[in-house]
Every structure is written in structure tokens, then in C-alpha cells.
Amino acid sequence: MRASQLPLFTSKDDPKDAQVASHRLLSRAGFIRKQGSGLYVYMPFGDMVHRKIEQIVREEMNRFGGIEVTLPVITPAELWQESGRWDLMGKEMMRMQDRHEVGYALGPTHEEAMTDLARSFLQSYKQLPVNLYQIGRKYRDEIRPRYGLIRCREFVMKDAYSFHVDDASLDETYQKMREAYRAIFERCGLKTIPVEADSGNMGGSGSEEFMVASQIGEETLLLCSDEKCGYRSNQEKTAFIENPKKHGSTEPTNRGISPSADAAVEFETGAAKTIEEVSKLTGSEPRNFIKAVIFEDKENIFLCFIQGDRDLSEIKMKNLAGATEYWPAGEETIKALTGAEPGYAGPQGLKVKDGDTVAKKTLRIFFDRHLKGRSGLIAGANKTGFHTKNVAEGRDFQSGEGHDLIVSHAGDICPQCKKAELTETRGIEVGHIFKLGKKYSQKMNLSVLDPNGKPLTPTMGCYGIGVGRTMATSVEQNHDERGIIWHRNLSPFVVYLVSLAKGEAEVAFVDKLYATLTAQGISVYLDDRDERAGVKFNDAELVGFPFIVTVGKKTLESGKIELKLRRSGEKLEVSEAELIGKIQSL
RNA sequence: CGGGCUGUGGCGCAGUGGUAGCGCACACGCCUGGGGGGCGUGGGGUCGCUGGUUCAAAUCCAGUCAGCCCGACCA
């Protein structure tokens, strides 16, 4: 292809809203153009890369047993109502009505639509397993679209949904998808870190995310520092184990301000409410406090106690409580619960217990497991202006075995090997596979006959890859100060041919080289613009095709063609035959 | 949803009440010709929108819309 037929859309300046390399470079190199908040046009080169990724995804999905279909982008509200998600999805789902005022969603995901499709033709266990996928547009009204293609409101996703007679069959497909994903990202030249993940709202058990390590990542990953262990997990999911270094003992016990034998006593703290304030006042470190975090939903109040130097994981709490929509408890609720102003909740001396009705809601109390056996603690006294010290678990309150409720961080102990410390990395999710279970098949009455002629509800898996995000993260991972460095499998063209030809002879030489390379099956972009050399070199490096070939007066004089490798910057002077050999072998 | 900032030519920006400017880009001419070149000429803007104050508003005031940034909270 020639520049005279397929123009470049490069620019010298970064768009002003570009914060990250991929956004900056994809815009400057003319691959994408913003049309609205979180909405991007894929320009010719961008479109070409996008299609290449789609094709790789398609080939690998097909190789591992996927069947491609295309669902409507718009899904009827009816289907979402069946699954119950019409009310659960919240504002992130874009909704619309037709002229008859019938509701629809611009699909943010397609579990319902695909399950509906499946039930329309699945009748017998003999038809299972089946793995249906599509490569289609998704719409999410993101709170804050940002980072260009990394978080936008319209994007292309490959989403697959598999249906099975039992868990063994689901597991088999799940493992195939793990392989397929590894193959896909490998072919894209993208280094991903597969991590254990929370399965979130989707429900279900097994879940693995494919993350690209990046400082701009919106999720935090925790990796075991012992490579032999190899544990990798999304922070949301990582079980918290406190590092003994934190308290100088391997036993998670008594490090309070006074011996556990002392009775618990109230003391006045006045306006000091937060742990930080009371910590200063008493000289006791935050770890010796009990932090109370209170949420509520329509039916319940969730009262969570954890140690004071840590944060409550809302995700863990939510999963434990089975809550979907919840919010921080209001002042009235807290008063009804503790009898005090907010800021003074504690587990001891509480007049209500787990399961009681408080303010017309069911109280549910959760303790973090690290509170078990501890003493010498400081907690709110459930009395405005007072805290209690020398609080001991087992005597002043009962935590039971407790739950895993705390957000893990670097420096904590790996929950897998239980020895090494965890380290932290930021990551961008590009793929996610998980076992859904029967959530959708049940709610939507998907059923087949089993060998005994009895109804059987298939179990499901679900597997997504963000195509645009794969493109963006590939740039995040592969660029330098001059521009993008495409992996050959994704690059719009393999060769950027810089023509500096002037006279007829030179032009003829370039045309012949272009024809020769093309005939060898090498895709070439010929920059035949009437521009200065510098402009062409700069654009060549900005758009980032793997090979930059320069032909001009020097070429004719020496008989040698200049080949520059975009990634290494290495420059070679080669004959035409060598050139072809190099391009085909590298 | 809350807070902050910004809306002026295609892009990036300046312009504190008195006839709308700069750089880049664009068009034309000449020079130049292996790393975003030079000189000259030229075209292009209802200053986001609505209302108000004023003899006079891009500029001050109110509202509104849009974009960007930060936060989404642990009492």
C-alpha cells in the first residue's frame, strides 16, 4: 500500500487529555481518534491492528473448540429481568426504549443473550458441551472513561460462553480456554500474568484473570516473592495473612498496652474518634485497635470488626454477606446499633447480637479471623466520647474462628506457601475466564434431557478478552520515546518503505523493490509522499512497523539497501536478497 | 454522585471592559532536499450555549451544556 492511496494521519502533538503512552502514541500515530468521552474511531492503521487481533483470537478460539456467532448489540430488557440483573446492573448499563416504550440494554456483556440463544436449540445432553463465542461491541457507561482505549464506553470484546452437563466437563473447557488464552497473548507478543481472581457479581467458583503488568493498571496484583511458590492473585481475592514481623511473634496474639488479665475499662476520649486520634492520645499503635466498619443494605446491617491498622475489603465482605447493593451505614442506623454517635462502635458491651433486629433490619456481625485470641485491645465503648481498653477476645467478646475480611498488601504472607512475603504490581486486565456455574441457566430455565430422560440444568463457563485493550496494552508494553513498536503479528504492515527517490531511475528502483517485496508475501507500506526525509523517518518510527527500509540516492550509488530494525534501532546495509531473507527470518 | 479546573481558527494555547492574536497545521510561490528546513504571501474564529450588567463583554454576573482531573471510604 502506498501513502498516496492510504494516507497517514500522524500528528506532532499529543492530544491534551492523553495521560498514558498508549493513548498518546495511538493518537499521534493516527491509529485512533476520539469522538466523544470514551468513544474512539479506529483509523485505518488502528482498524488493521484491531482486525489482526480479532483474527488471532478467532483462530485460537476455533482451534480450542469455540463456535462463532454474532448476537445483537441490543438485548431486550426481558432477558435481563429474567436473570434479575435489570435491577442489579445499575447505571453502568446503557438503557433505551423503542417507540413502544419497550426497554432494551446496549449490552455490557451477554450472559443473558447467550443463555437465551442456547436454550432455543439445546435439548439433549448429547449436544453438550458447547462453547459459543462472539466478537462484538460492548457498551458500559463507565463512571470515568480514561486512558484512551484502556477504559472506554464502547469497545470490542470476544466473549465466549460454554454449557456443560457437569463440573468435570466445565473444567475441561475451562482448561482449554486457559490454553487458548495463553496462545492468543503469546501470538500477540503480549506478556500477561495470569492471576487468581475474584469472580465478583458473576457468581461462580474458578476464575483467572490475564493481566498486563503496568504502572497505570487499575488493579493491584499480589505475587509471591518465592518463585517456586508462584502464587499470583488479584488483591481483591488474596487471603490476608499477617506478617509475623509486624508484631514480633508468630502468634497473632497479645501485643496490647497491658496484660490480658486486666479487666476491660472505659476511658474518656472526648472528641477523638478515629483510630489515628485515639492512637495518639493513648500511645498505643493502631494494630491494637479494633476497627468497626458498618454497612447496610435494604434488609441487613453488616457490622464488621477488624484490626485497626488494616482496611476492610468490601469485596470480601460483600461476598461473605451475599450482598449486592449496599452502602455505608447512616448515622441513624449506627445510633440504633451502638447507642452512640458514629465513631464509637466496639464489639464488647454491645446490647445487640448477630441475628437481632435493629432498626427493622437484620444485624449481621462479622469478625476478621486475626482478632481471635487477641487481648489488650482498644475499641469504641458504644458510648459517645468513650473507648474501652484491655479488651480481650474470648472474654469481652467472641469472634469465633472469624473470616477473611482484610485487604492484603505487599509485605503480607503468601496465602499459598504461607512463608514468603507478597509483592505488589499494578495490572490491566485484558482477559478473564471463569466458571459461572448454574446461575444463568437456572434463572433462565435452560434445561436439557439427561440420559435418563430427566431434565438437567447445564453448568456454564464464561471467557472474555478485550480486543481494544489488548491493542492498547501491547503499545504500553512496546514503545520508546520515538513511537510504537508493533509485534509483527499485530503491525498493520511489516515494512515501512521510506522512499527518498527523486529522479526517474530512483523512482523505478523503489517501485521495483516494492513489487518484489510484495510478491514475496511481505506487506509493505510505501511512503511515496513529497515530504522531507526527516518527516518520513519520524513518521516511520512513530507508527512503529517492525522494519524500516530506506531507499534513495545512496542506494543506487552503493547498491545497498538500508534496513533499520524498529525495536533495536539496529541499522544494516544489505543487498535485496539479504533484505528479503532478513525480513522473512526475523 | 461530590469537589476542582477548562471551553477562543483543524490542533495546542495567549488574551483583566474599548475593532480577536500566537505557534503548529492548511493553500500558493521561491529556495532547500538523508532526521519534523527557510523566506514570503494568503484563507480560516457567531470566543461552548442562554440570559443579565454596561455606552461597550472573549473579558464581569447567573444559569446551562460539554470535556478533563481528583475522590468515591473504613465512623
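Residue numbers begin at 1 in each chain, while the letters A, B, ... track the order of the sequences.
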- Length of the line joining A:Lys291:NZ and B:C73:P, which is rounded to integer Å: 14 Å
- Message: Checking salt bridge (charged side-chain N to carboxylate O under 4.0 Å, His left out) between A:Asp539 and each of A:Arg482, A:Arg532, A:Arg529, which is the one that passes?
- Response: A:Arg529
- Query: For B:C74, which nucleotide is its Watson-Crick or G-U wobble mate, given both distances must be under 3.5 Å?
  - Reply: none
- Spell out protein contact along nucleotides 34-45 of chain B as letters: B when the base is contacted, S when just the sugar-phosphate is, - when no protein heavy atom is under 4.0 Å; keep the 5' to 3' order. BBBB--------
- Residue set satisfying side-chain contact (heavy atoms from CB on, under 4.5 Å) with A:Arg426, at least two apart, ordered chain then number -> A:Thr220
- With nearest nucleotides of RNA chain B determined for A:Ala292 and A:Asp14 from heavy-atom distances, which residue corresponds to the more 5′ nucleotide? A:Asp14
- Message: Using whole Å, what does the distance between atom P of nucleotide B:C73 and atom CD of A:Glu314 come to?
- Response: 8 Å
- Hey, does A:Asp530 reach any base, or is it just sugar-phosphate, or nothing, if we go heavy atoms under 4.0 Å? base
- Within 45° of the six-membered ring axis of A:Phe367 and under 6.0 Å from that ring's centre, is NZ or CZ of A:Lys372 located there? no
- Task: Searching all strands shown, indicate the nucleotide that pairs with B:C5 (Watson-Crick or G-U wobble; both distances under 3.5 Å).
- Result: B:G67
- Query: Rounded to whole angstroms, how far apart are CZ on A:Phe9 and P on B:C24?
  - Reply: 23 Å
- Message: Mind checking if A:Ile275 touches a base, just sugar-phosphate, or nothing, with heavy atoms under 4.0 Å?
- Response: nothing
- Item | Atom-to-atom span, CD1 of A:Ile306 to P of B:C73 - whole angstrom | 16 Å
Indicate every side-chain donor-acceptor pair of residues 336-348 of chain A with a distance under 3.5 Å to a residue at least two apart or in another chain.
from     : atom 1 : to       : atom 2 : distance (Å)
A:Thr338 : OG1    : A:Ile334 : O      : 2.9
A:Thr338 : OG1    : A:Ala340 : N      : 3.0
A:Thr338 : OG1    : A:Ala340 : O      : 3.2
A:Tyr344 : OH     : A:Gly270 : O      : 2.9
A:Gln348 : NE2    : A:Gly380 : O      : 2.9
A:Gln348 : NE2    : A:Thr388 : OG1    : 3.3

- Message: Would A:Arg567 pass as a cation-pi partner of A:Trp486, given that its NZ or CZ must be under 6.0 Å from the six-membered ring centre and within 45 degrees of the axis?
- Response: no
- Message: Suppose we screen for salt bridge (Lys or Arg N to Asp or Glu O under 4.0 Å). Which residues come up paired with A:Asp311, at least two apart in sequence or across chains?
- Response: A:Lys291
- Query: A:Ser11: what forms a side-chain contact (heavy atoms from CB on, under 4.5 Å) with it, not counting sequence neighbours?
  - Reply: A:Asp13
Scan nucleotides 64-68 of chain B against the protein and return all N/O pairs shorter than 3.5 Å with their distances rounded to 0.1 Å.
from  : atom 1 : to      : atom 2 : distance (Å)
B:C68 : OP1    : A:Lys34 : NZ     : 3.3
B:C68 : OP2    : A:Ser37 : OG     : 3.1

- Item | C1' atoms of B:C74 and B:G4, separation to the nearest Å | 25 Å
- On the 0 to 90° scale, with breaks at 30° and 60°, tag the A:Tyr496-A:Phe545 ring pair as parallel, tilted or perpendicular. tilted
- Message: I need the CZ-C1' distance between A:Arg33 and B:A25, as an integer number of Å.
- Response: 12 Å
- Item | A:Leu8 CG to B:C26 C1', straight-line distance once rounded to whole Å | 17 Å
- Given atom CE of A:Met317 and atom C1' of B:C74, what is their separation to the nearest angstrom? 10 Å
- Mind checking A:Arg310 for me? I need base, sugar-phosphate or nothing, with any heavy atom below 4.0 Å counting as a touch. nothing
- Note on the structure: note: A:Phe367, atom CZ; B:C74, atom C1'; distance rounded to Å ~ 17 Å
